K.L.:
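Following this message is one structure expressed as structure tokens.
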Amino acid sequence: MKNIESFRSLTPVKEFIEEMGFAISYAYDDLVFIDNNAFMLRYNDNKESNLFIHFCKDFPSEVKTNLKIRLLTISKRKGLTLDFKQDFELAESTEEG
């Protein structure tokens, strides 16, 4: 885990996402959410320039395969490495607020 003085640069990730044709909808701590929730990124604090990719569980697998190829191609050009991790699922919060 990163210590409190560490910094995660959003600029390279933002450029990478925009070149993919997406936009960042929300960034919080080590997570970066994409505008259509097809996938999200998570910084790897143990390996600089490495990102974990989590696809949305409901994202069609045939589209996921093509998107993975594009992600890998563009990330390489941007000097980033990717690790594909387990899919995620969005759920409504049960907390009242």
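On a predicted model such as this, the values are computed, not experimentally measured, just so you know.
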K.L.:
Applying side chain to side chain contact (heavy atoms under 4.5 Å, CB included), can you list everything that pairs with Thr11, at least two apart in sequence or on another chain?
P.N.:
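Thr11 satisfies side chain to side chain contact (heavy atoms under 4.5 Å, CB included) with Ser9, Glu15 once adjacent residues are dropped.
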
K.L.:
Work out which heavy atom in Lys14 is nearest to a heavy atom in Ile24; give both atom names and the distance.
P.N.:
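Heavy atoms only, the tightest pair is CA-CD1, 3.8 Å.
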
K.L.:
Atom CG in Asn44, atom CG in Leu82: separation rounded to 0.5 Å?
P.N.:
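Asn44 atom CG to Leu82 atom CG measures 11.0 Å (nearest 0.5 Å).
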
K.L.:
Nearest 0.5 angstrom please: Leu71 CG to Leu41 CG, how far?
P.N.:
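These two atoms lie 8.0 Å from each other.
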
K.L.:
Over all heavy atoms of both residues, which pair between Ser25 and Asp35 is shortest? Give the atoms and the distance, please.
P.N.:
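Residues Ser25 and Asp35, closest heavy atoms: CB-CA, 3.8 Å.
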
K.L.:
Among pairs that include at least one residue of residues 52-64, which meet side-chain hydrogen bond (donor to acceptor under 3.5 Å, both in side chains), considering only residues two or more places apart or in two chains?
P.N.:
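Those involving residues 52-64 are Arg42-His54, Lys64-Asp87.
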
K.L.:
The criterion is side-chain hydrogen bond (donor to acceptor under 3.5 Å, both in side chains); which residues satisfy it with Thr81, sequence neighbours excluded?
P.N.:
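Here the qualifying residues are Asn50.
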
K.L.:
Of all residues at least two apart in sequence or in a different chain, which pass the side-chain hydrogen bond (donor to acceptor under 3.5 Å, both in side chains) check with Lys78?
P.N.:
Glu19

K.L.:
How long is the straight-line distance from CG of Leu67 back to CG of Leu72, given to the nearest 0.5 Å?
P.N.:
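Interatomic distance, Leu72 CG to Leu67 CG, rounded to 0.5 Å: 9.5 Å.
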
K.L.:
Are Leu51 and Phe59 in one and the same hydrophobic cluster, where Ile, Leu, Val, Met, Phe, Trp and Tyr link if side-chain heavy atoms are under 4.5 Å apart?
P.N.:
yes

K.L.:
Hydrophobic clusters here meaning ILVMFWY residues chained together by side-chain heavy-atom distances under 4.5 Å, can you tell me if Phe52 and Leu31 are in one?
P.N.:
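Hydrophobic grouping puts Phe52 apart from Leu31.
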
K.L.:
Just verifying a value: how many Å separate Tyr26 OH and Asn37 CG, rounded to the nearest 0.5 Å?
P.N.:
13.0 Å

K.L.:
Which residues pass the salt bridge (Lys or Arg N to Asp or Glu O under 4.0 Å) test with Glu92, not counting sequence neighbours?
P.N.:
none

K.L.:
Between CZ of Phe88 and CD1 of Ile53, what distance do you get to the nearest 0.5 Å?
P.N.:
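If we round to the nearest 0.5 Å, Phe88:CZ and Ile53:CD1 are 10.5 Å apart.
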
K.L.:
I need the minimum non-hydrogen distance between Ser49 and Gly79, along with the two atoms involved.
P.N.:
CB-O, 3.6 Å

K.L.:
Can you get from Val13 to Phe84 by hopping between Ile, Leu, Val, Met, Phe, Trp and Tyr side chains that sit under 4.5 Å apart?
P.N.:
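Linked, Val13 and Phe84 end up in one cluster.
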
K.L.:
Phe22: what forms a ring pair (Phe, Tyr, Trp, His ring centres under 6.0 Å) with it, not counting sequence neighbours?
P.N.:
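If we apply the ring pair (Phe, Tyr, Trp, His ring centres under 6.0 Å) test to Phe22, skipping adjacent residues, the hits are Phe39.
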
K.L.:
How close do Met40 and Ile34 get, counting heavy atoms only, and between which atoms?
P.N.:
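Minimum heavy-atom separation between Met40 and Ile34: CA-CG1, 4.4 Å.
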
K.L.:
Please round to the nearest 0.5 Å and tell me the distance separating atom OG of Ser75 and atom CE of Met20.
P.N.:
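Spacing of OG (Ser75) from CE (Met20) equals 8.5 Å.
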
